[in-house]
Structure formats: structure tokens, C-alpha cells
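Okay, so here's the structure we're looking at.
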Amino acid sequence: TTLFRSNGTIENYNVIKKKLEKLGYKFKSFTDTEVLINFIDWIRKDNQLSLLNAIRVALPQIIGTCVLVIYSLSEDCLIAVNKGGQLCLGKSSSGYFIASDMIAFAGKANNTADINNEQLLVLKPDKKPHLFDINLKELEIITKKINIDMSELSRGKFPSFMLKEIFSQPEIIRNALEGRFNFNDISFRFGGIDDYWSQIKNLKHLTIVACGTSWYAGLLGKYWLERL
């Protein structure tokens with residue numbers, strides 16, 4: 001039995017799905033999540049691999065940005081994977097936590113560590129976690145103290161969360177750029193599109209499909225990208 005949770009978008013899931021259907025796999029939904037877990041399952045069984053090695057083989061074949069958390073009952077281990085998204089580990093005296101933002105650890109964990117792009121974290125009962133890169137080279141887990149003002153999780157002085165979010169935009173933008181933008185050499189990194197950046201820079205026209213306020217954000221993004 002395998003339990004699976006993902007967050008993000010697999011851009012080539014339809015190509016993988018067609019391949020799996022030819023191999024006899026049946027799908028009950030139209031989600032990329034179902035395709036991905038079956039893809040890993042096929043690699044695991046076809047090559048007689050452990051879950052960790054099956055994920056390592058699958059990861060380079062996945063196009064998109066996502067984070068995954070997979071638990072294998074037979075191996076009694078949980079594996080958290082970051083492919084271009086945001087993922088972190090929380091540590092407390094009672095155990096470990098996995099989330100996309102350390103705010104989720106508020107009141108539950110005292111320390112956190114980042115799981116960076118193309119890194120895999122392995123957790124087993126009563127054992128310390130192990131962090132690996134895409135080639136399964138073990139990496140040092142660097143923890144830091146969680147310093148979260150609990151007022152950040154409430155409306156604070158604002159009458160509504162919407163108003164609070166409006167006034168929080170400058171800080172949110174700074175946090176979004178952290179780890180992605182290097183102010184020293186004016187360079188940036190976005191997981192999932194780095195391999196195609198030379199092609200993106202040569203585009204003459206860009207269409208971003210969205211609606212509502214996302215449409216305005218898309219227009220701004222279009223303006224910036226076309227001038228790079």
C-alpha cells in the first residue's frame with residue numbers, strides 16, 4: 001500500500017498517462033496526481049526498485065513544478081520530494097513534520113530545515129531523517145530556529161484578512177524572491193523552467209491565461225518577461 005500527496009502541476013502527465021495505458025494501467029480520474037503515483041509504481045515494479053530509487057528514476061522524466069509526499073507501508077518509510085517548489089521539514093521533541101511553509105509548524109515544532117529543489121527527504125520510524133540529492137548523495141540537513149510571530153496568523157490590527165494581505169504584499173514579494181533571485185549578479189532561478197530558459201528568452205510573444213485578479217498579475221508578468 002502506498003499513500004501519496006502532491007501539490008503542483010505535471011505538464012507532461014498526459015504523455016506519461018498514454019504510455020501507462022498502453023501498459024495496461026486504468027485510471028479513475030483525470031488528475032496528474034493519479035498519473036504520477038502510477039508512473040512511480042510502474043518504475044518500481046518493472047525494475048524491482050525501492051521506493052526511493054523509483055522516485056529518483058521518475059523525477060528527471062517529470063516536467064513541471066511540484067512537491068510530493070509518499071508513504072510506503074511495505075517499506076515503512078515516508079519520502080518527501082521537491083521539484084521546483086517549496087518544502088520544509090519541521091522538528092520537535094515529539095517528532096517531525098512536512099509542510100510547504102514553516103508557518104504550518106507554528107506551535108508544533110521549534111526547528112526547521114529546507115528541502116531544496118531536486119532533493120529527497122527520507123523519514124522512518126524512530127530514526128533520524130536523511131536528505132539526498134537527485135543522485136542519492138546524502139546531504140547535510142541544516143536546521144534553523146523557527147521564529148514566527150503568532151500575530152502573523154491572525155488579522156492583527158486589520159478588520160479583515162483581505163486588507164491584511166493587501167498591506168502584506170511588499171513582504172510577500174520579498175519572501176517569494178528569496179532563494180530565487182540573486183541581487184549580486186542579477187540572476188534568478190525558477191524550478192521547472194531553468195532547462196528551457198534559453199528558449200523562453202527568444203520568445204516574441206507570450207500568452208498567460210487567467211481570470212480575475214490573476215489576469216492582471218499575468219499581464220504584469222507578461223510585460224516583464226517580454227522585456228528580459
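- Rounding to the nearest 0.5 Å gives a distance of 5.5 Å between CG of Asn53 and CG of Leu136.
- Side-chain contact between Asn116 and Asp133: absent, with no pair of heavy atoms (C-beta onward) separated by less than 4.5 Å.
- Formation of a donor-acceptor pair under 3.5 Å by the Asn111 side chain with backbone atoms of Lys91 is not found in this model.
- Thr143 places no side-chain N or O within 3.5 Å of a backbone atom of Thr112 that could act as its donor or acceptor partner.
- Residues Asp114 and Lys144 are paired through a salt bridge, judged by an N-O separation under 4.0 Å between the basic side chain and the carboxylate.
- The same ILVMFWY cluster, assembled from side-chain heavy atoms under 4.5 Å apart, contains both Ile98 and Leu73.
- In terms of heavy-atom proximity, Leu68 sits nearest to Ser6 at CD2-CB, 3.6 Å.
- Hydrophobic cluster membership is shared by Ile16 and Ile70, with clusters built from Ile, Leu, Val, Met, Phe, Trp and Tyr side chains linked at under 4.5 angstrom.
- Side-chain contact between Lys124 and Asp76 is absent, with no heavy atoms from C-beta onward closer than 4.5 Å.
- In this structure, the side chain of Glu75 engages the main chain of Leu51 through a donor-acceptor pair within 3.5 Å.
- Taken to the nearest 0.5 Å, the CG atom of Leu87 stands 11.0 Å off from the CG atom of Asn117.
- Ile63 and Ile55 fall into different hydrophobic clusters, where Ile, Leu, Val, Met, Phe, Trp and Tyr are joined by side-chain heavy atoms under 4.5 Å apart, directly or via other members.
- Criterion: ILVMFWY side-chain heavy atoms under 4.5 Å apart, direct or through other members. Under it, Leu121 and Val57 are not part of a common hydrophobic cluster.
- To the nearest 0.5 Å, atom NE2 of residue His130 and atom CG of residue Leu139 are 12.5 Å apart.
- When every heavy atom of Glu34 is checked against every heavy atom of Ser29, the shortest pair comes out as OE1-OG, 2.5 Å.
- Taking CD1 of Ile208 as the start and CG of Leu219 as the end, the distance is 8.0 Å to the nearest 0.5 Å.
- Residues Trp224 and Leu220 form a side-chain contact, since some pair of their non-hydrogen atoms from C-beta on lies under 4.5 Å apart.
- The nearest pair of heavy atoms linking Ser160 to Leu163 is OG-N, 3.3 Å.
- The side-chain heavy atoms of Tyr96 and Leu78, taken from C-beta on, include no pair separated by under 4.5 Å.
- Counted within 6.0 Å of CD on Gln48, heavy atoms from surrounding residues, nucleotides or ligands total 12 or fewer; the atom is thus considered open.
- Cluster annotation: Leu123 is connected to Tyr71 through the hydrophobic network of ILVMFWY side chains, with a link wherever side-chain heavy atoms come within less than 4.5 Å.
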Practice task
Applying side chain to side chain contact (heavy atoms under 4.5 Å, CB included), run through Phe30 and Lys17 and close with a yes or a no.
Solution key: CA-CA 10 Å; Phe30 298 98; Lys17 182 178 182 179; 4.2 Å; yes
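- Going from atom CG of Asn12 over to atom CG of Leu36 covers 9.5 Å, rounded to the nearest 0.5 Å.
- Pairing each heavy atom of Gln61 with each of Phe39, the nearest pair is OE1-CZ, 3.5 Å.
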Handout entry: Evaluation steps, side chain to side chain contact (heavy atoms under 4.5 Å, CB included), between Phe158 and Ile166
Key = CA-CA 10 Å; Phe158 299 98; Ile166 290 173; over 6 Å; no
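- Closest heavy-atom contact between Arg44 and Ser72: NH2-OG, 3.1 Å.
- The backbone N or O of Val67 sits nowhere less than 3.5 Å from a side-chain atom of Asn82 that would complete a donor-acceptor pair.
- Atom-to-atom distance recorded for Phe4:CZ and Ile37:CD1 is 5.0 Å, nearest 0.5 angstrom.
- In summary, of the residues considered (Val35, Ile40, Ile10), a side chain to side chain contact (heavy atoms under 4.5 Å, CB included) with Ile62 occurs for Ile10 alone.
- With a 4.5 Å cut-off on side-chain heavy atoms, Leu131 and Glu140 do not count as touching.
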Exercise for the section: Apply side chain to side chain contact (heavy atoms under 4.5 Å, CB included) to Phe132 and Arg56, showing your working. Expected result: CA-CA 10 Å; Phe132 301 92; Arg56 181 189 65 81; over 6 Å; no
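- Of the options Val69, Ile134, Leu59, a side chain to side chain contact (heavy atoms under 4.5 Å, CB included) to Val81 is made by Leu59 and by none of the others.
- Between Ala99 and Phe105, the shortest heavy-atom contact is CB-CE2, 3.6 Å.
- Listed for the Asp101 side chain is a donor-acceptor partner under 3.5 Å among the backbone atoms of Ile103.
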